[in-house]
Amino acid sequence: MHVPEKWQMDSLSAIHQFIAQHGFASVISANLAASHIPLILKADEGEHGVLYGHLARSNPHWQDIIDSSVLCIFNGPHAYISPTWYHASPAVPTWNYSVVHAKGTVELTDDKTTMAILETTIQKYEPSLLTPTPENPEGFIPKQFQDKLAKGIVGFKIVITELQGKQKLGQHRSSLDQLGVVAGLSKSTGIDEQQLLKYMINQNIALG
């Protein structure tokens with residue numbers, strides 16, 4: 001990915017935080033096959049971190065990625081930017097976005113680790129499913145069903161060898177142009193525009 005210095009994420013921790021918040025990835029193998037799946041980052045493992053995930057055993061892609069290198073793309077908020085929002089003129093339309101690329105080598109995980117991946121994923125996105133209740137003393141997903149599910153999936157980990165983070169948010173433009181973009185995004189009712197603006201505010205980038 002081409003990442004000019006002005007748009008680079010400024011630290012490994014910032015990239016790790018981005019992955020934690022935008023964990024649904026496109027995993028692309030050398031033969032250009034791709035799977036779209038959630039990945040769990042263990043930031044304290046390896047030099048750059050380790051990603052954990054699973055594929056359906058019926059998905060042949062898992063056979064393509066064994067002991068090979070893959071590219072994982074984590075997309076963040078993005079939106080069209082109108083040139084009419086800028087103070088400077090003439091100008092052209094563009095697209096602002098945030099994204100992380102992670103390259104790494106794939107290793108299959110044993111059954112115990114694969115089940116731990118599943119539990120960690122559920123814990124992240126809907127932990128209440130694991131909480132015992134009078135109606136479901138083993139939680140919403142009983143162990144017997146979990147064991148059956150485990151036979152239909154293949155767990156893996158990706159040892160990250162390279163990370164790139166890019167935030168193209170208009171931070172290279174003048175303060176007046178940045179304020180114009182903020183105003184334009186604020187007036188939009190589109191979900192993409194609102195999510196991009198929220199991201200810019202949270203990151204305190206390109207706000208004028």
Side-chain angles (χ1 to χ4, degrees), residues 1-4 6-11 13-28 32-41 43 49 51-56 59 61 70-102 117-118 120-130 140 158 163-208:
M1 175 172 62
H2 175 57
V3 189
K6 61 189 175 185
W7 293 329
Q8 287 181 358
M9 289 189 185
D10 58 7
S11 67
S13 61
I15 294 176
H16 281 170
Q17 183 179 18
F18 184 94
I19 293 174
Q21 292 175 345
H22 307 281
F24 190 71
S26 299
V27 180
I28 305 167
L32 300 185
S35 291
H36 307 279
I37 52 176
L39 295 176
I40 298 296
L41 172 68
L51 297 164
Y52 288 86
H54 69 275
L55 289 168
N59 181 352
H61 195 207
V70 294
L71 169 65
C72 304
I73 301 176
F74 299 88
N75 285 297
H78 61 89
Y80 172 79
I81 304 299
S82 170
T84 64
W85 296 346
Y86 296 138
H87 179 264
S89 181
V92 296
T94 191
W95 208 279
N96 284 357
Y97 60 92
S98 54
V99 66
V100 161
H101 283 197
I117 294 169
L118 279 176
T120 302
T121 304
I122 296 170
Q123 186 70 42
K124 178 178 180 179
Y125 292 104
E126 195 172 1
S128 62
L129 294 180
L130 301 174
F140 189 80
I158 302 169
L163 278 171
Q164 290 179 296
K166 184 174 183 178
Q167 298 181 121
K168 179 185 175 294
L169 303 174
Q171 60 267 50
H172 62 296
R173 301 194 68 93
S174 70
S175 294
L176 288 175
D177 283 353
Q178 292 179 25
L179 289 171
V181 170
V182 170
L185 293 172
S186 299
K187 293 175 184 176
S188 174
T189 58
I191 294 176
D192 289 343
E193 289 81 358
Q194 291 301 312
Q195 288 181 338
L196 179 63
L197 178 58
K198 182 179 179 181
Y199 180 84
M200 292 165 59
I201 293 171
N202 288 340
Q203 297 296 314
N204 194 28
I205 295 177
L207 301 177

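Excluded from the calculations below are hydrogen atoms, water molecules and symmetry mates; all remaining heavy atoms, backbone and side chain alike, are included.
- In this view, T121 satisfies the side chain to side chain donor-acceptor pair (under 3.5 Å) rule with no residue, not counting sequence neighbours.
- Looking only at side-chain heavy atoms (C-beta outward), K124 and T120 stay at 4.5 Å or farther from each other.
- Nearest heavy atoms, S98 versus F18: OG-CE1, 3.5 Å.
- Closest non-hydrogen pair, A206 versus V182, comes out as O-CG2, 3.8 Å.
- The side chain to side chain donor-acceptor pair (under 3.5 Å) check on S89 picks up nothing, with sequence neighbours excluded.
- With a 4.5 Å cut-off on side-chain heavy atoms, M200 and L185 count as touching.
- The side chain to side chain contact (heavy atoms under 4.5 Å, CB included) search around S11 returns S13, A14, not counting sequence neighbours.
- Residues satisfying the side chain to side chain donor-acceptor pair (under 3.5 Å) test with H36, not counting sequence neighbours, are S26.
- Annotation for P38 and F24: closest pair N-CD1, 3.7 Å, computed over non-hydrogen atoms.
- With sequence neighbours left out, D192 forms a side chain to side chain donor-acceptor pair (under 3.5 Å) with no residue at all.
- Evaluation of the salt bridge (charged side-chain N to carboxylate O under 4.0 Å, His left out) test over residues 169-189, restricted to residues two or more places apart or in two chains, returns R173-D177.
- Annotation: side chain to side chain contact (heavy atoms under 4.5 Å, CB included) contacts of Q203 (sequence neighbours excluded): Q167, Y199, I205.
- In terms of the ring pair (Phe, Tyr, Trp, His ring centres under 6.0 Å) criterion, F74 has no residue partners (sequence neighbours excluded).
- Within the structure, side-chain hydrogen bond (donor to acceptor under 3.5 Å, both in side chains) pairs that include any residue of residues 73-87 comprise H78-W95, S82-T84 (at least two apart or interchain).
- Contact of the I37 side chain with the H54 side chain is not registered, since no non-hydrogen atoms from C-beta on lie closer than 4.5 Å.
- With hydrogens and angles ignored, the 3.5 Å screen pairs a side-chain donor or acceptor of K166 with a backbone N or O of H2.
- A search for side chain to side chain contact (heavy atoms under 4.5 Å, CB included) contacts involving I201 returns L197, L207, not counting sequence neighbours.
- Residue pairs meeting the ring-ring contact (aromatic ring centres under 6.0 Å, His included) criterion with at least one member in residues 166-192, sequence neighbours excluded: W7-H172.
- The distance from the CD1 atom of I81 to the CD atom of E193 is 7.5 Å, given to the nearest 0.5 Å.
- Heavy atoms only, all atoms of each residue included: L169 and Q171 are closest at N-OE1, 2.9 Å.
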Requested in this report: I would like to know whether V3 and H101 meet side chain to side chain contact (heavy atoms under 4.5 Å, CB included); could you show each step before the answer?
Outcome: CA-CA 11 Å; V3 189; H101 283 197; over 6 Å; no
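- Closest approach of I28 and A34 over heavy atoms only: CG1-CB, 4.0 Å.
- Taking all atoms of both residues into account, the shortest heavy-atom contact from L39 to G53 is CD2-CA, 3.9 Å.
- In terms of the side chain to side chain contact (heavy atoms under 4.5 Å, CB included) criterion, residue partners of Q17 (sequence neighbours excluded) are, by chain and number, Q21.
- Using a 4.5 Å cut-off on side-chain heavy atoms (C-beta onward), H22 and V100 make no contact.
- In this structure, the side chains of L55 and V27 stay at 4.5 Å or more apart for every pair of heavy atoms.
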